[in-house]
Amino acid sequence: QAQLVESGGGLVQPGGSLRLSCAASGITFAWYVMGWYRQAPGQERELVAQITGGSSTNIADSVKGRFTISRDNGKSTVYLQMNNLQPDDTATYFCNAHPLHPTIGQEYWGQGTEVTVSS
């Protein structure tokens, strides 16, 4: 059974940094586009960043220049480095695994990790 487990969330002051990690198991990690999404209270879930198996990235305009996504295929782990965090970044952050092709498998989501940016 596939599983995505996020860690690294917490409370941080504006301007601070956090690094989120998502460890995957039960999937052929390199065959999945890994992503981070976030959902603030009362708002829809939105894409933050994605990274392919070959490490091509797609970063949302709202976090470009502040957030960096990376992956370690050997450890089946994807990371989200978040710098210069602002109150608008407060949300639950979810890890996502999207197969390169539907025949590979299904899409998976982690349980989420909360990030709160407040002074």
Side-chain angles (χ1 to χ4, degrees):
Q1 181 69 20
Q3 191 174 17
L4 303 178
V5 179
E6 301 106 330
S7 60
L11 172 65
V12 63
Q13 292 186 344
S17 298
L18 283 175
R19 189 195 196 201
L20 306 183
S21 299
C22 171
S25 60
I27 62 173
T28 303
F29 188 72
W31 293 355
Y32 283 76
V33 176
M34 300 302 297
W36 287 98
Y37 289 72
R38 68 185 181 185
Q39 187 168 20
Q43 298 189 20
E44 294 187 355
R45 191 171 297 189
E46 63 175 358
L47 173 67
V48 177
Q50 285 179 314
I51 185 168
T52 68
S55 295
S56 295
T57 62
N58 175 35
I59 310 293
D61 287 343
S62 59
V63 304
K64 198 168 290 183
R66 300 188 297 123
F67 290 13
T68 303
I69 188 170
S70 61
R71 65 191 289 163
D72 185 333
N73 287 340
K75 295 182 178 180
S76 296
T77 301
V78 61
Y79 306 96
L80 185 69
Q81 178 66 44
M82 305 185 294
N83 298 328
N84 191 22
L85 283 158
Q86 300 301 316
D88 284 349
D89 296 316
T90 295
T92 301
Y93 285 70
F94 296 90
C95 180
N96 172 267
H98 189 86
L100 287 172
H101 192 275
T103 58
I104 292 174
Q106 66 182 70
E107 185 176 44
Y108 298 99
W109 290 92
Q111 81 286 353
T113 185
E114 291 193 6
V115 172
T116 302
V117 185
S118 175
S119 55

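The model shown is predicted, which means the values in this text are computed figures rather than measured ones.
- When side chains are defined from C-beta on, Trp109 does not count as touching Glu6, because their heavy atoms never get closer than 4.5 Å.
- The shortest side-chain heavy-atom distance between Val115 and Leu20 falls under the 4.5 Å cut-off.
- Contact record, Ser70 with Val78: O-CG2, 3.2 Å, taken as the closest heavy-atom pair.
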**Asked** Do Arg38 and Gln43 pass the side chain to side chain contact (heavy atoms under 4.5 Å, CB included) test, and can you show the C-alpha distance, the side-chain angles, and the key distance before you say yes or no?
**Response** CA-CA 9 Å; Arg38 68 185 181 185; Gln43 298 189 20; over 6 Å; no

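- No chain of hydrophobic side-chain contacts below 4.5 Å, direct or via other Ile, Leu, Val, Met, Phe, Trp or Tyr residues, connects Phe94 to Val117.
- Taking NZ of Lys64 as the reference point, atom CZ of Arg66 lies at 12.5 Å (rounded to 0.5 Å).
- At least one side-chain heavy atom of Ile27 sits under 4.5 Å from a side-chain heavy atom of Tyr108.
- Hydrophobic clustering, with ILVMFWY side chains joined whenever heavy atoms are under 4.5 angstrom apart, keeps Leu47 apart from Ile59.
- We find the OG1-CD distance between Thr92 and Glu114 to be 4.5 Å, quoted to the nearest 0.5 Å.
- No side-chain heavy atom of Thr57 sits under 4.5 Å from any side-chain heavy atom of Gln50.
- Proximity of the aromatic rings of Phe67 and Trp36 is defined here by a centroid distance below 6.0 angstrom, and this criterion is not met.
- Note that CG of Leu80 and OG of Ser21 are 9.5 Å apart. Values are rounded to the nearest 0.5 Å.
- Across every non-hydrogen atom of Asn84 and Asp89, the tightest pair is O-OD2, 4.4 Å.
- Minimum interatomic distance between Ala30 and Leu100 (heavy atoms only, all atoms of both residues): O-CD1, 4.3 Å.
- The distance from the CD atom of Gln13 to the CG atom of Leu85 is 11.5 Å, given to the nearest 0.5 Å.
- Across all their heavy atoms, Leu4 and Cys22 have their closest contact at CB-SG, 3.9 Å.
- Linking Ile, Leu, Val, Met, Phe, Trp and Tyr residues whenever their side-chain heavy atoms come within less than 4.5 Å leaves Val63 and Tyr37 in two separate clusters.
- The two residues Pro14 and Ser119 make their nearest non-hydrogen contact at CD-N, 3.7 Å.
- Annotation for Gln81 and Ser17: closest pair NE2-CB, 4.0 Å, computed over non-hydrogen atoms.
- For Thr113 (side chain) and Gly9 (main-chain N/O), a donor-acceptor pair under 3.5 Å exists by modelled atom type.
- More than 12 heavy atoms of other shown residues, nucleotides or ligands fall within 6.0 angstrom of atom CD in Gln111.
- Distance check, rounded to the nearest 0.5 Å: OG of Ser7 to CZ of Arg19 gives 9.5 Å.
- For the residue pair Thr77 / Asp72, no side-chain donor-acceptor distance below 3.5 Å is found, with atom types taken as modelled.
- When the side chains of ILVMFWY residues are joined at heavy-atom separations under 4.5 Å, either directly or via intervening members, Ile69 and Trp31 end up in a single hydrophobic cluster.
- Summarising the geometry, atom CD1 belonging to Ile51 is positioned 8.0 Å from atom OG belonging to Ser56; distances are rounded to the nearest 0.5 Å.
- You'll find the side chain of Phe29 reaches within 4.5 Å of the side chain of Met34, heavy atoms only.
- Relative to the ring axis of Tyr79, Arg71 does not place its NZ or CZ within 45° and under 6.0 Å from the centre.
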